[in-house]
*Asks:* 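Quick one: structure below, then a few questions.
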2 protein chains.
Amino acid sequence: MPHKSASVKTIPDIVVGRLPFYLRTLRALAAEGREITSSSDLGNRLGLTSAQIRKDLSYFGEFGKQGLGYNIPFLVDQLRRILKVDRVWEVVLVGFGDLGRAIAHYHGFHDRGFEIRMVFDSDPAKIGQSLAGFTVDDMNAMVEKVRAAKVRVAMLAVPATSAQKVADLLIKGGVRAILNYAPTTLNVPKGVAVQNIDPAAHMQHMTYYLEP
Amino acid sequence: MPHKSASVKTIPDIVVGRLPFYLRTLRALAAEGREITSSSDLGNRLGLTSAQIRKDLSYFGEFGKQGLGYNIPFLVDQLRRILKVDRVWEVVLVGFGDLGRAIAHYHGFHDRGFEIRMVFDSDPAKIGQSLAGFTVDDMNAMVEKVRAAKVRVAMLAVPATSAQKVADLLIKGGVRAILNYAPTTLNVPKGVAVQNIDPAAHMQHMTYYLEP
DNA sequence: CCTCATTTGTGATACATTTCTCAATCAGCG
DNA sequence: CGCTGATTGAGAAATGTATCACAAATGAGG
């Protein structure tokens with residue numbers, strides 16, 4: 001997933017993956033009216049060491065003041081810029097079953113940079129249903145409509161059996177980032193980012209540590 | 001999160017976290033009627049190297065046959081035993097808003113070892129609502145009911161502002177594994193496992209790699 | 001029954017990530 | 001205006017993880 005480039009030093013993907021949590025925590029602090037914080041305060045809240053937070057941030061620049069710490073609104077702005085969520089990304093949602101509907105109704109994406117603008121499904125019974133601002137559209141029209149709207153971010157909430165086919169179509173339409181809710185591994189070309197959400201896998205990860 | 005013990009060599013948490021995906025893939029193969037597979041076949045399907053899969057499995061035993069590969073039903077059984085999902089875990093769900101309702105209706109947990117058996121919410125308007133087999137209960141009764149039923153696994157779908165308080169109560173009631181859907185970092189004592197689900201964080205991870 | 005093509009399990013090696021440490025810097029204060 | 005306590009940023013060291021490479025084992029085919 002990480003980009004490579006000759007001039008700019010490449011940043012570890014695992015570091016990039018922590019930034020959204022830094023941002024989330026900083027915004028919670030900002031909402032409480034706090035103006036400054038320190039790497040150790042952030043570390044406590046995030047369950048990480050202060051050194052890790054300082055090193056992670058140092059990949060991107062010098063955002064703190066020695067002796068003082070970090071200005072919260074400033075650091076929020078910087079992280080939003082780095083993560084490119086200082087704008088709103090149009091998102092296409094595919095699959096309007098129970099899960100897709102729940103995603104469509106979830107309001108947590110909005111103020112973190114994402115807005116679902118198109119929904120597709122292949123089931124004729126669902127096509128045409130409308131909800132807050134958009135209508136469920138036929139998947140046969142998907143590639144063209146996604147391409148025309150230049151949408152580059154997708155959420156995939158279809159059965160595992162059709163997930164790969166739908167992902168291929170999305171990529172054909174120009175999508176370059178896929179949040180995959182289907183419990184299957186997607187094969188995508190270089191230049192396309194995939195993140196997987198599998199709650200049952202998280203659960204099984206935890207039961208390993210439980211006593212029988 | 002990983003256990004420590006003097007006698008048994010401790011297994012890297014990152015390895016444990018991959019096992020559910022191995023299991024998921026093996027079960028898909030089994031569903032296709034396949035009997036055997038190899039580390040390289042698995043690696044291709046999972047986007048990992050064959051060496052990694054062999055090394056991961058070797059932490060737990062010798063499950064393959066040289067020259068042949070792995071017997072799928074056998075390896076499925078082994079992984080289910082290792083992850084302790086060769087049984088069904090009773091789960092308590094807290095929070096019956098949009099998200100909690102979606103989780104309650106999701107059928108993907110069932111055949112992966114989890115069954116939601118209790119639901120709690122603090123909103124009087126929601127208490128008493130009943131659905132497939134259970135009734136939404138008052139959160140004031142939660143600690144006692146969870147303790148009485150010896151439930152050790154929870155899913156947390158409450159607002160970020162109350163997540164920590166609810167987690168504290170769950171732990172007081174004996175819960176030792178929490179799947180946290182609230183967009184906040186939980187502080188828990190040693191011996192309690194937490195896994196976080198934050199779709200917006202995954203999205204922000206991906207936008208980092210998109211061209212402006 | 002011998003050879004060949006495969007594939008595992010694992011020690012050794014290479015690579016990646018985290019933590020340690022400390023010089024440099026800063027605001028506050030007397 | 002110089003001292004004090006706090007805190008950053010980053011090189012060095014320590015730790016953790018992934019890959020390599022190969023001996024050992026296996027079934028198939030002649």
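Within every chain, numbering begins at 1; the chains are lettered A, B, ... in the order of the sequence lines, protein sequences first and strands thereafter.
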*Asks:* Rounded to the nearest Å, what distance is computed from the CD1 atom of residue A:I14 to the C1' atom of nucleotide D:dA18?
*Replies:* 13 Å
*Asks:* Please report the distance, rounded to the nearest Å, between CG in B:D56 and C1' in D:dC20.
*Replies:* 16 Å
*Asks:* From A:T207 OG1 over to B:I82 CD1, what is the distance, rounded to the nearest 0.5 angstrom?
*Replies:* 11.5 Å
*Asks:* Indicate the ring-plane relationship of A:F109 and A:Y106, choosing parallel, tilted or perpendicular according to the 30° and 60° boundaries.
*Replies:* perpendicular
*Asks:* Run the side-chain contact (heavy atoms from CB on, under 4.5 Å) check on A:K84 and A:W89 step by step: do they pass?
*Replies:* CA-CA 9 Å; A:K84 304 200 182 82; A:W89 292 91; 4.1 Å; yes
*Asks:* How close or far is atom C1' of D:dA28 from atom NZ of B:K65, stated in whole angstroms?
*Replies:*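 Computing the B:K65:NZ to D:dA28:C1' distance gives 16 Å.
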*Asks:* Inspect the contact between B:D98 and A:R101 and indicate whether a charged nitrogen and a carboxylate oxygen are less than 4.0 angstrom apart.
*Replies:*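 So A:R101 does not pair with B:D98 through a salt bridge.
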*Asks:* Please list, in numerical order, the residues of residues 32-51 of chain B that have a heavy atom closer than 4.0 Å to any atom of DNA chain C.
*Replies:*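 Of all residues in residues 32-51 of chain B, the ones placing a heavy atom under 4.0 Å from DNA chain C are B:S38, B:S39.
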*Asks:* On DNA chain C, does the nearest nucleotide to A:L68 precede the nearest nucleotide to B:L68 from the 5' side, or the other way round? Give the residue.
*Replies:* B:L68
*Asks:* Using a distance-only test with no angle check, is there a side-chain donor-acceptor pair under 3.5 angstrom linking A:R45 and A:T25?
*Replies:*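 No, no side-chain donor-acceptor contact under 3.5 Å.
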*Asks:* Decide yes or no, distance alone: a donor-acceptor N/O pair under 3.5 angstrom between the base of D:dT8 and the side-chain of A:Q66.
*Replies:* yes
*Asks:* Of the listed nucleotides (C:dG9, D:dA12, D:dA18), which one gets closest to any side-chain atom of B:E62?
*Replies:* C:dG9
*Asks:* Decide, yes or no, whether a salt bridge links B:R34 with B:E32 under the criterion of side-chain N to carboxylate O below 4.0 Å.
*Replies:* no
*Asks:* Within less than 4.0 Å of OP1 or OP2 of C:dT18, is there a side-chain N or O belonging to A:Q52?
*Replies:*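 It does, given that an N or O in the side chain of A:Q52 lies less than 4.0 Å from OP1 or OP2 of C:dT18.
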*Asks:* From CG of A:L75 over to C1' of D:dT7, roughly how many Å is that when rounded to an integer?
*Replies:* 15 Å
*Asks:* Check the distance between C:dG11's P and B:Y59's OH and give it to me in whole angstrom.
*Replies:*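 In whole Å, C:dG11 P lies 11 Å from B:Y59 OH.
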*Asks:* Please confirm whether the shortest side-chain N or O distance from B:Y70 to OP1 or OP2 of C:dT6 is below 4.0 Å.
*Replies:* no
*Asks:* When the distance from CG of A:L19 to C1' of C:dT17 is rounded to whole Å, what number comes out?
*Replies:* 15 Å
*Asks:* With respect to the phosphate group of D:dC22, does any side-chain polar atom (N or O) of B:R54 fall under 4.0 Å of OP1 or OP2?
*Replies:*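 The answer is no; no side-chain N or O of B:R54 sits under 4.0 Å from OP1 or OP2.
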*Asks:* Quickly work out the A:F74 CZ to D:dT8 C1' distance and round it to whole Å.
*Replies:* 14 Å
*Asks:* Look at B:D56 together with B:R18 and state whether they make a salt bridge at an N to O cut-off of under 4.0 Å.
*Replies:*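 So B:D56 pairs with B:R18 through a salt bridge.
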*Asks:* If you check the B:K55 side chain, which of C:dA12, D:dT17, D:dG11 turns out closest?
*Replies:*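 Of all the options, the side chain of B:K55 is nearest to C:dA12.
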*Asks:* Grab the CZ-P distance between B:F63 and C:dG9 for me, whole Å please.
*Replies:* 9 Å
*Asks:* Taking the side chain as everything from C-beta on, heavy atoms only, tell me whether A:M142 gets closer than 4.5 Å to A:M118.
*Replies:*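 No; the side chains remain at least 4.5 Å from each other.
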*Asks:* Flag the pair B:V158 / B:L99 as yes when at least one side-chain heavy-atom distance between them is below 4.5 Å, and no otherwise.
*Replies:*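 They are not in contact (no side-chain heavy atoms under 4.5 Å apart), so the answer is no.
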*Asks:* Hey, is A:K172 close enough to A:D168 for a salt bridge, meaning N to O under 4.0 Å?
*Replies:*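 Between A:D168 and A:K172 there is no salt bridge, as every charged N stays at least 4.0 Å from the carboxylate O atoms.
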*Asks:* Can you pull out how bent the helix from C:dC1-D:dG30 to C:dG30-D:dC1 is, comparing the axes over its first five and last five pairs, to 10°?
*Replies:* 10°
